Amino acid sequence: MYSILQKVRTEKPLVHHLTNWVTIYDCANIVKVFGAAPVMAHAAEEVEDMASLASALVLNIGTLTPEFIESMKKAAKSANKKGIPVTLDVCGAGATKLRDEKCFELLDCARIDIIKGNASEVARIAGEEVQTKGVDSSEVEKDLIELAKHLAAKRNATVVITGKEDIVATKDKHIIVKNGCDMMAHVVGTGCMAASVIGAFSAVEKDLAKASAAGLACYEIAAELAYKDSAGPGTFKVKLFDHIYNLDKEKIEKLKRVE
């Protein structure tokens, strides 16, 4: 796990984002403090060129428009040509018909290597009739591990369900990440940042389930440390970035809770 973080820090992979406007600054910063290099390029005229320079691509439909989705399709196809991993955050899937349709269009038009979302978002993409509350998860009365494995097999992808415990699944195996803290739910953008972290780790580790779990564990260990010396959501966010920057092997080995 630490070795993957070290690769991010030494190789400094370029992570191309087409992400949502609410959290774009935080996503760029989280990638930077982990040691990678973010670039946030959305224009249809340049996304193919930018993706061809990158080591990973992150797509987030949080503030989607039909035009934005067309840029995402171009970027994903360019990433596929280069053979770099594509992470799709299905932000808000299950909330509106448009979001569902555009997620399925993206999944059908290019190879998406990692599908990430909360329980109700991923359940909707897996075909369940659920309603997401804006971008917040609703309760899903399904076995989430089996649901993730089913979607992973159907889409030939790694599936990540974030929540109190994170599930990282392929069609035939799963990993549970038990790190993290409740304070993360009080800060806008922690889910979007998780997708960016997964993108950065996927740029340096070919086993995408391993990369996703390692990225989430490191991110959430830092969150646990930040929670201990913060007074509320504002200082928590500042401390989170500091603790990510100062993560080392000893902290990760001592605090990781991954099964």
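Nothing here was measured: the structure is a model prediction, and the numbers come from that model.
At a threshold of 4.0 Å, the pair Glu121-Arg124 does not count as salt-bridged, since none of the basic side-chain nitrogens sits closer than that to a carboxylate oxygen. For Asp49 and Lys74, the salt-bridge test fails: no basic side-chain N is under 4.0 Å from an acidic carboxylate O.
In this structure, the separation between NE2 on His17 and SG on Cys192 is 9.5 Å, given to the nearest 0.5 Å. The CG atom of Leu98 lies 9.0 Å from the OG1 atom of Thr65; values are rounded to the nearest 0.5 Å.
The aromatic rings of His42 and Phe68 sit tilted relative to each other, their planes meeting at an angle between 30° and 60°.
For Ala222 against His243, the heavy-atom pair with the smallest separation is O-CB, 3.7 Å. When every heavy atom of Thr87 is checked against every heavy atom of Ser202, the shortest pair comes out as OG1-OG, 4.4 Å. In plain terms, the two heavy atoms of Lys239 and Ser230 that are nearest each other are CG-CB, 4.4 Å. Heavy-atom minimum distance, Leu151 versus Ile125: CD1-O, 3.9 Å. Smallest separation of non-hydrogen atoms from Ala126 and Leu147: CB-CD2, 3.9 Å. Between Ala76 and Val86 the shortest heavy-atom distance is O-CG2, 4.4 Å.
Hydrophobic clustering (side-chain heavy atoms under 4.5 Å, transitive across Ile, Leu, Val, Met, Phe, Trp, Tyr) groups Tyr2 together with Val8. Linking Ile, Leu, Val, Met, Phe, Trp and Tyr residues whenever their side-chain heavy atoms come within less than 4.5 Å leaves Ile198 and Ile161 in two separate clusters. Cluster membership for Ile84 and Leu53, using ILVMFWY side-chain heavy atoms within less than 4.5 angstrom, is not shared. Side-chain heavy atoms closer than 4.5 Å link hydrophobic residues (I, L, V, M, F, W, Y) into clusters, and following such links, possibly through other members, connects Met193 to Ile244. Linking ILVMFWY residues whenever their side-chain heavy atoms come closer than 4.5 Å, directly or via other members, leaves Ile114 and Leu88 in distinct clusters.
Residue-environment remark: NZ (Lys82) exceeds the threshold of 12 foreign heavy atoms within 6.0 Å. Heavy atoms of other residues, nucleotides or ligands lying less than 6.0 angstrom from NZ of Lys171 number 12 at most. The environment of Asn156 atom CG is sparse: at most 12 non-hydrogen atoms of other residues, nucleotides or ligands sit within 6.0 angstrom. Counting heavy atoms of neighbouring residues, nucleotides and ligands inside a 6.0 Å radius, atom CG of Asp248 exceeds 12 of them. The neighbour count for Glu250 CD, taken as heavy atoms of other residues, nucleotides or ligands under 6.0 Å away, does not exceed 12. The number of heavy atoms from other shown groups lying within 6.0 Å of OH (Tyr25) does not exceed 12.
Side-chain atoms of Asp172 and Thr170 form a donor-acceptor pair, as typed in the model, at a separation below 3.5 Å.
None of Glu220, Glu259, Glu224 except one satisfies the salt bridge (charged side-chain N to carboxylate O under 4.0 Å, His left out) rule with Lys178; the exception is Glu259. Results of the side chain to side chain contact (heavy atoms under 4.5 Å, CB included) test with Val177 over Thr162, Asp166, Val160 single out Asp166 as the only residue that passes.
Residues Arg155 and Ile112 fail the side-chain proximity criterion, which asks for heavy atoms closer than 4.5 Å. Residues Lys116 and Ser212 form no side-chain contact, since every pair of their non-hydrogen atoms from C-beta on lies 4.5 Å or further apart. The side-chain heavy atoms of Met183 and Thr190, taken from C-beta on, include no pair separated by under 4.5 Å. Ile252 is listed as a side-chain neighbour of Cys218, based on a closest heavy-atom distance under 4.5 Å. A heavy-atom distance below 4.5 Å is found between the side chains of Leu57 and Leu18. Side chains of Lys210 and Phe201 form no contact here, defined as non-hydrogen atoms less than 4.5 Å apart.
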Quiz item: So Leu5 and Met1, side chain to side chain contact (heavy atoms under 4.5 Å, CB included) or not? Walk me through it.
Solution: CA-CA 7 Å; Leu5 172 59; Met1 192 164 287; over 6 Å; no
